[in-house]
Structure formats: structure tokens, C-alpha cells
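Scroll down for the structure; my scribbles are underneath it.
Chain letters run A, B, ... following the sequence lines, proteins first, then strands; residues in each count from 1.
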Number of protein chains: 2
Amino acid sequence: MLDEVDVHILDLLQTETRLSNLELSQRVSLSAPATHARVKRLEQDGYIDSYTAILNQEKLGYDLLCTIFMSTSIHQTQQINELERHLSAMPEVMECYCMTGAFDYMLKTIHRDRKELEAFIRELNQLGVAQLQTSIVLREVKASTVLPLRK
Amino acid sequence: MLDEVDVHILDLLQTETRLSNLELSQRVSLSAPATHARVKRLEQDGYIDSYTAILNQEKLGYDLLCTIFMSTSIHQTQQINELERHLSAMPEVMECYCMTGAFDYMLKTIHRDRKELEAFIRELNQLGVAQLQTSIVLREVKASTVLPLRK
DNA sequence: TGCTGAAAACGAATATTCTTCGGGAGGAAA
DNA sequence: TTTCCTCCCGAAGAATATTCGTTTTCAGCA
């Protein structure tokens, strides 16, 4: 379904997203229209979820990045769905995963300061949460969104 | 340093990155050149770290998303730096944070299958790692890169 | 070996967009 | 009021995306 050129295009789009279609076409040794058609196809076939600008958290005043492990006391499907909808709608929740291990969920959350974090945790506790374990990121060693396509 | 329009632009760039400069300018009620100049300024001042395409992990054959908590047996600055350089260079490591809590680091890693995960963990163990605790993501409830600018 | 049809690529042309100007409006300080 | 500075606008030129018709490529098959 994907040939070598497609993978090359995806990899360039991951890292050098701002390349013009013309430059992109030169990198993959294809004409501009052919490259353009491929990108459109990759978008339509769902290989590209979205394009996004990654903002600088520090410059914008976000000092606390947290991981929160969480167990819930509810187990009915409908209530679970409700809980997950709530979590998804909270803007401080950047990521939320259902996990193996001792806890049901892991969240990655972001907050401006300690005060906001406390308010958030209080909010969480009102959603049928049985257990919370919060850790704080002291330093970012690596933060990437790039898949290892050409390893 | 940032006025209301700047924040509006940043927020639009986060979510509707593919907007043309013309459309963007209409959304924020400014002329195209003025909007363009602001975006350039925001980029140069470091408010925007990067632009990126988010690829679909599933479609590209990545079945295992993991969080790995890790402690190290080394404590000399130089060796720590070396370790972190190694971790950063591993393409499977998408994120790496220095954390509070029982472990020194948390990693978010991605792998095609169980076999690749095993090879990766073996590789990790050769880097001066004292303890590893790996959990696997069963389901993605939310995965976003959007900062809550306008909460 | 050569024919055929489908898929994909190419080059040229058009439409759209970006980007750079000069000039002017608005506000602060003297 | 005058001056200075910042920021905006509209118009124009440059660059880019996008469409179109034609040509090439190549697998399947006689």
C-alpha cells in the first residue's frame, strides 16, 4: 500500500513540515504535481492524523508537566465512557491512556503553577476516582512526536 | 509581551495549522501582512518550537506504546549526560523525562511488536540501568499536543 | 517478443498565496 | 502642537500550489 517514496514523504513531513511542495518534490526526486498528489492521498487515507504547531510550554508560562496514575471505582461501561468523556474534555489533560499495571489510567497533564495543579486534582477527585499517584517532571530530556519510520 | 491577538494566533496555529495566512488573518481580524509579521515574530521569539505532522501510529504498524519507568545506577554528571544522550538518540524513545517519585526517568516508547519491544529493553539494560518498570498502553483515550491557552 | 490497458509521472499554464513595499493612522512624550 | 515610534493597511511583484492534457512506465498476456 505504501511504497518507498511514500515513507520518505511521511518522514520528511514529520520533521521538516514547513518544506514547500516544490522542495519536498526535489527531496524525493519527483515532480511537484506527483508529490502533491501523493501527499493528498496520504492525508485522505489517514496516514496523517493532523498538522500542528508545537508551542513552547515554558515561554507560555506552563511550569508543571505531570504524569498522573489513576484508578477508578466504577466499572460499568456507561459510567466509564462518561468518565473518559470528562477526562478528554479537560484542557489540562494532554494525553490519557488506558494501561496495564496497577492503575487503570495514565494522564499527562500540564499546569501553570502549583495552584492550578491543586485545583485540577480536586476536580479529578470528583469524577469517581479511587486512587491517584502524581509525579512531576523535573526536566525534559526529549520530547518528540516523530515515529521511527526509517530506523 | 503577548497581546490578545498573539494568543489567538497561537491557538489557531495549534489546532488549525493548515490555515493559509489569508484565512488566519481573517480569523483574527487583521490584514494578511500584519498577521504574517506577527507569526514570524512569534516564531523568532521562540513561542513556536516547531511545526509537525502527526502520523497515524496504527496505520503505520506501531502496535505497542509503552511507558517505562527507569532508575539508574550511575550518578556522575558526565555519565548521566552520556546516558541521556544515548536515550535521546534512540528513535523508539519519543519522550524522556526526569521525574519525581521512586524512579529517575520516565520514557514513552513506541514499537511495532513484542519482538521489537524486547530488543529495545535489552538495549536499555546495557546502558547502566538499575531498575525498569514497563507498562503497555491498552487504549488511547486522548492524545493531544495542544496547550490550554484560552481556558 | 510485442501488444494492451491501467496507473502514475511529467511539463506547461492558471489560480492562489505569500511577501515585500511605500505610505498613513494612532498613541506617547516633550 | 510637534516629533517619534509602532503598528497597520492596500497594492504589487514574487513564489507557490494546483489543474490539465499528454506521455511514460510497467505488469499481464498472447
Side-chain angles (χ1 to χ4, degrees), chain A residues 1-62 144-151, chain B residues 1-62 112 145-151:
Chain A
M1 202 120 180
L2 287 186
D3 65 16
E4 207 174 303
V5 177
D6 289 325
V7 175
H8 194 177
I9 289 175
L10 287 174
D11 201 34
L12 285 169
L13 286 180
Q14 279 196 118
T15 51
E16 306 191 49
T17 317
R18 279 284 147 133
L19 243 41
S20 71
N21 183 64
L22 189 67
E23 286 175 307
L24 185 63
S25 70
Q26 289 163 353
R27 298 284 188 94
V28 300
S29 304
L30 230 60
S31 71
T35 308
H36 184 257
R38 277 178 184 256
V39 172
K40 282 282 169 259
R41 180 171 55 84
L42 290 169
E43 289 173 357
Q44 290 210 325
D45 291 353
Y47 290 96
I48 300 171
D49 277 340
S50 63
Y51 295 94
T52 182
I54 306 292
L55 304 187
N56 190 298
Q57 300 170 182
E58 200 175 333
K59 280 226 125 190
L60 289 163
Y62 291 90
S144 169
T145 57
V146 175
L147 295 186
L149 290 187
R150 290 154 79 71
K151 193 185 46 166
Chain B
M1 202 115 179
L2 287 187
D3 66 15
E4 207 174 303
V5 177
D6 290 325
V7 175
H8 194 178
I9 288 175
L10 287 175
D11 201 34
L12 285 170
L13 286 179
Q14 281 197 117
T15 50
E16 307 191 49
T17 317
R18 277 287 146 130
L19 242 42
S20 72
N21 184 65
L22 189 68
E23 287 175 307
L24 184 63
S25 70
Q26 290 163 353
R27 298 284 188 95
V28 300
S29 304
L30 229 61
S31 72
T35 307
H36 183 257
R38 277 178 184 257
V39 172
K40 282 282 167 258
R41 181 171 52 84
L42 290 169
E43 288 172 358
Q44 292 211 324
D45 290 355
Y47 289 96
I48 301 171
D49 278 341
S50 63
Y51 296 93
T52 182
I54 306 292
L55 305 187
N56 190 299
Q57 300 172 183
E58 200 176 332
K59 280 225 125 192
L60 289 163
Y62 290 90
R112 290 177 196 277
T145 57
V146 175
L147 295 185
L149 289 185
R150 290 155 79 72
K151 193 185 53 166

Task: Any side-chain heavy-atom pair of Leu55(B) and Ile48(A) under 4.5 Å - done: yes
TODO: Decide if atom CD of Glu58(B) counts as having more than 12 heavy atoms of other residues, nucleotides or ligands within a radius under 6.0 Å.
DONE: no
Open item on the list: Measure NZ/Lys40(A) against P/dA8(C) and give the value in whole Å, please.
Closed with: 18 Å
Task: Euclidean distance, atom CG of residue Asn21(B) to atom P of dA17(D) [Å, nearest integer] - done: 14 Å
TODO: Send over the distance from Leu19(A) CG to dT16(D) P, rounded to a whole Å.
DONE: 11 Å
Task: Option among Leu24(B), Leu10(B), Asp3(B), Val28(B) that satisfies the side chain to side chain contact (heavy atoms under 4.5 Å, CB included) test with Arg38(B) - done: Asp3(B)
Task: Value in whole Å for how far the C1' atom of dA7(C) lies from CG of Asp6(A) - done: 14 Å
Open item on the list: Closest approach to the side chain of Ala34(A), judged atom by atom: which nucleotide of dT18(D), dC10(C), dC9(D) is it?
Closed with: dC10(C)
TODO: Determine, stepwise, if the pair Asp6(B) / Arg41(B) fulfils salt bridge (charged side-chain N to carboxylate O under 4.0 Å, His left out).
DONE: CA-CA 10 Å; Asp6(B) 290 325; Arg41(B) 181 171 52 84; 3.0 Å; yes
Open item on the list: Using whole Å, what does the distance between atom C1' of nucleotide dT19(C) and atom CG of Leu24(B) come to?
Closed with: 15 Å
- [ ] Indicate, with a heavy-atom threshold strictly under 4.0 Å, whether Arg38(A) touches base, sugar-phosphate, or nothing.
- [x] sugar-phosphate
Open item on the list: By nearest atom, which of the nucleotides dC8(D), dC18(C), dT18(D) is closest to the Leu22(B) side chain?
Closed with: dC18(C)
Open item on the list: If I take atom CD in residue Glu43(B) and atom C1' in nucleotide dC18(C), what distance separates them, rounded to the nearest angstrom?
Closed with: 13 Å
TODO: State which of dA9(C), dT16(D), dT18(D) makes the closest approach to the side chain of Ser20(A).
DONE: dT16(D)
TODO: Using atom CG of Leu30(B) as one end and atom C1' of dC18(C) as the other, report the distance to the nearest whole Å.
DONE: 16 Å
Open item on the list: Tell me the interatomic distance from Arg41(A), atom CZ, to dA8(C), atom C1', rounded to whole angstroms.
Closed with: 10 Å
Task: Nucleotide nearest Pro33(A) when distance is taken to its side chain, options dC9(D), dC18(C), dT19(D) - done: dT19(D)
Open item on the list: Using side-chain heavy atoms (C-beta onward) and a distance below 4.5 Å, is Glu16(A) in contact with Arg27(A)?
Closed with: yes
Task: Under-4.0 Å side-chain N/O to phosphate OP1/OP2 contact, His36(B) with dT19(C) - done: yes
